[in-house]
2 protein chains.
Amino acid sequence: MRVLLAAGTTETALIDGISAAGAAPELMAHTPSADVEILTYGEPTASPVTPVSPTGCPTPAAVTRAVREVVDFELAVIDAGLTQSTAAPTVDLGVQPGVDVREQAAVPDASAAFDRAYDFGASLPDDEVMIGETVPGGTTTALGVLTALGEPAGVSSSLPENPIERKRQVVDEALAESNLEPGDCDGAPLEAIEAVGDPVQPTVTGIAAGALESGTDVTLAGGTQMVAVAALLRHAGIDADLSIATTSFVADEQGDRLAETCDRLDCELTVTDPGFDAGDHVAMERYCAGEAKEGVGMGGALSLVPDGRMGEVRERLETVCDRLGIEADAAEGNSEP
Amino acid sequence: MRVLLAAGTTETALIDGISAAGAAPELMAHTPSADVEILTYGEPTASPVTPVSPTGCPTPAAVTRAVREVVDFELAVIDAGLTQSTAAPTVDLGVQPGVDVREQAAVPDASAAFDRAYDFGASLPDDEVMIGETVPGGTTTALGVLTALGEPAGVSSSLPENPIERKRQVVDEALAESNLEPGDCDGAPLEAIEAVGDPVQPTVTGIAAGALESGTDVTLAGGTQMVAVAALLRHAGIDADLSIATTSFVADEQGDRLAETCDRLDCELTVTDPGFDAGDHVAMERYCAGEAKEGVGMGGALSLVPDGRMGEVRERLETVCDRLGIEADAAEGNSEP
């Protein structure tokens, strides 16, 4: 199995109240670059930032890396609009960072990015690929394209309290700035991305479309952002078999809506529970409390773990957290003797 | 074990009579990009070129890939001056393609490339790395820097008949254009590279220097081009333990000289024979006839094969050759019934 990871940025993440990144612009810029170093080398190497929340919750890259150290899979990272350089190897498709969705065009080069990503996806000799993403602000842009397409799906959040009303407000502003009403981009996925999306979307959608066209099985590794990609693919008229693999944290938050949406989009849905309630490390506690939830291919990677080996993944996660400088009981309120 | 592969180009490869690439400029430009796709995906994906000689000898990338399919190792490709894009993920250190050594400066940004490569090498968390190269024309530039440094080592060739006199003539012209005599760059490795080297040299030398400085064991995977890198490291005053791992094809051609040179440079030498004389596939026959010999980390990769498993590598090489469109008996003169 080859895991493809599209890593990019959008200024949308800097909008106040949307993402933890809003309060710390350098986190927005550096997180995807650090994530792909963690995935590639096991820890940030060139990145000056280690993506860990103030409460001690590590980026999902830590979990995906832990899985990789147990089951091993081939990895190819695609630069889908990074603003900061990374020491990890990346495929260069010439994708530019995304603009604030409240500007006229959020992804001015959406169509060209899709075309290059399509060719890349079609060129892969693999029988099956899994495609993940890392892009701060990505659930807001997911809500953006879903709304533009007229799809009634919800989106999750990396925060325990989903600022969904704030996201809807931003999407409303974004659509208005592009002179669009909800549903106006029905059947026009690239217009939706260009107006209110992010650069990871045409990259993942293009790779998936190209891979499916050439007979490669595709699993979208992620939560509601991958629901948005599935919707984009369906609105592009692609009716090939498609799977989404996500975490129990997203599934628990989304309730029945996630399965219903996947059903409507004719997507198989795989939900994997990493059993973090069995651990007492702060990283696992934070995921169980609803932080982070998904990203960097986490749900897809977890689906690759054979029965009976999830305990190894949890142990390995503790090792990865050590490397990231996260102490097992580092959470606020956990420091009492 | 992580294998790092520095892939680049130099216009030196286009000089008549030096390399097979001289007769086909598009091969010079595309070969390293195709090599890294073969190593990453198992076959060229975006590359319009498949590096196979007219007699049916595949690029050493095919052998390194065959090893990878048997023993598996982590791979990170570094863009050390590619002129053609590649669909393989690469680390971007901002290294520019090399200029013809007969110009004033062959690698104008040698010093900056070394510095960035050093930081990259120092940042790696690995206990040990192996560093390979792919750069058409690289044995001529190896002879260039060895001569500039005053090192009496010889260089091999990817051709059965080594055009060594032609290479010496080019190096003499190159030194004269830079107002240098042999040995003038003793103790000044970056000056040697800038004057008569190629962009892969500061990249590999920098990565090795940084990795050694941070306590990572380094094996240089290659033949006489890696002897040149070892000499550059020693002339930079780096006296850490260093190993070279190459193929029996290079060792056979170089005779006692290779071991003597490694001894003088205080480098451990590992020579691995892939046992191609046991096979009757044209690819193996061509290597036994002295074509290609080494490159794309081949000798280093072969050294990773556990005892008793080289037969699997040879079988796998046949599979890789199938993918590259090389028929088992494709050699000229082998077509009789």
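Here is how names work: the chains are called A, B, and so on, in the same order as the sequence lines, proteins then strands, and each is numbered from 1.
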| Which residues, numbered in order, of residues 111-129 of chain A come under 4.5 angstrom of chain B by heavy-atom distance? |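 Within residues 111-129 of chain A, the residues under 4.5 Å from chain B are A:Phe120, A:Ser123, A:Leu124, A:Pro125.
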| query | Does some side-chain heavy atom of B:Thr40 sit less than 4.5 Å from a side-chain heavy atom of A:Arg2? | reply |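 With C-beta onward as the side chain, the pair touches.
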| query | Contact part of A:Glu37 toward chain B, heavy-atom cut-off under 4.5 Å: side chain, backbone, both or neither? | reply |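 Neither; nothing under 4.5 Å.
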| request: Examine whether an atom of A:Asp79 lies under 4.5 Å from a heavy atom of chain B, and if so say whether it belongs to the side chain, the backbone or both; otherwise answer neither. | output: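 Interface part for A:Asp79: neither.
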| query | Between B:Thr45, B:Leu75, B:Asp72, which has the largest tally of heavy atom pairs under 4.5 Å with chain A? | reply |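 Ranked by contacts with chain A, first place is B:Thr45.
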| message | With a strict 4.5 Å heavy-atom criterion, list every residue of residues 82-93 of chain B that contacts chain A, or say none. | response |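 If one takes a 4.5 Å heavy-atom cut-off, the residues of residues 82-93 of chain B near chain A are B:Ala87, B:Ala88, B:Pro89, B:Thr90, B:Val91.
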| Rounded distance [0.5 Å steps], CD in B:Glu74 versus CD in A:Glu74 |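 Result: 10.0 Å between the selected atoms.
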